[in-house]
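The structure presented is a predicted model; accordingly, all values stated were derived computationally and were not measured. Both counts, for ligands and for their atoms, begin at 1 and track the order of listing. Only heavy atoms go into these numbers, but all of them, side chains included; no hydrogens, no water, no symmetry mates.
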Amino acid sequence: MSSFLILYGTGEGQTAKIAERIAAAIGERGHEATTIDVGDRPDSFSLESYDAAVVGASIHVGKHQDAVREFVAANRDALSAMPTAFFQVSLSSATEENREEAAGYVESFLTETGWHPDRIGQFGGALRFSEYGFLKRLLMKRIAKDLLAETGEADGDVEFTDWEAVDAFAADVAAFVEGRLGVTPEGTEPTSP
Ligand SMILES: Cc1cc2nc3c(=O)[nH]c(=O)nc-3n(C[C@H](O)[C@H](O)[C@H](O)COP(=O)(O)O)c2cc1C
């Protein structure tokens, strides 16, 4: 059994929801998975308490959460010494035409932080018009105009996250960490070389 940290930044909660799903999938493999909002780290927080780290952030007006970027930049050396993964949540990942834009956000994040995660996941996010204030509503109607036209949504809450892709990412990350650390999922026997 290994201990996984899943640290994330979130605006309206979609990245938190995805982090919880990743933690559940990793937990089902017999590992310990702890989710922490980057802004709510306890004083006692230390990366050294974990065997592996998964970091998640969402895109708001072309940027990831500052707190996530700053955390990664400040802890780059410690992150480089352990198995790690990064996942990004954005509307750009919800459509084929905007996948390149989403990949560009990832590229910028890695360049700015100098971090090289072992695995990278990109997931579509959500629109939560019921939670947006007036200005955010206007902004999002403009940003998501084409997407809303495609889905036939006007201003309801809609989720574009592919949960199977999230589960597959979690399984891939867990398998990578198991291989790297030489541990096996709970309930299975180590295979002989
Ligand atoms: C104010 C605002 C700005 C956004 N800007 C972008 C953007 O520039 N590009 C993009 O792909 N998605 C953008 N999104 C979509 C978010 O990435 C998406 O809603 C995601 O689910 C947010 O995750 P979170 O709730 O964890 O913050 C924006 C969302 C909001 C509310």
Those protein residues which place at least one heavy atom below 4.0 Å from ligand 1: T10, G11, E12, G13, Q14, T15, S58, I59, H60, V61, G62, V89, S90, L91, S92, Y105, G125, A126, Y132, K136, L139, M140, I143
Taking K136 first and then E131, would you say they form a salt bridge - that is, a charged N and a carboxylate O separated by under 4.0 Å? no
Taking salt bridge (Lys or Arg N to Asp or Glu O under 4.0 Å) as the test, write out the residues that go with D167, two or more places apart. R21
Name the orientation class of the two ring planes belonging to F45 and F71 (parallel below 30°, tilted from 30 to 60°, perpendicular beyond 60°). perpendicular
Does CD in E48 sit with more than 12 non-hydrogen atoms of other residues, nucleotides or ligands closer than 6.0 Å? no
List, one per line, each side-chain donor-acceptor pair under 3.5 Å for residues 89-96, sequence neighbours excluded.
{"residue": "S90", "atom": "OG", "partner": "S92", "partner atom": "N", "Å": "3.4"}
{"residue": "S90", "atom": "OG", "partner": "S93", "partner atom": "N", "Å": "3.2"}
{"residue": "S92", "atom": "OG", "partner": "E101", "partner atom": "OE2", "Å": "3.4"}
{"residue": "T95", "atom": "OG1", "partner": "N98", "partner atom": "ND2", "Å": "3.0"}
{"residue": "E96", "atom": "OE1", "partner": "R99", "partner atom": "NH1", "Å": "3.0"}

Could you list the donor-acceptor pairs under 3.5 angstrom formed by side chains in residues 3-11, with sequence neighbours left out?
{"residue": "S3", "atom": "OG", "partner": "S49", "partner atom": "O", "Å": "3.4"}
{"residue": "S3", "atom": "OG", "partner": "D51", "partner atom": "N", "Å": "3.3"}
{"residue": "S3", "atom": "OG", "partner": "D51", "partner atom": "OD2", "Å": "3.4"}
{"residue": "T10", "atom": "OG1", "partner": "G13", "partner atom": "N", "Å": "2.9"}

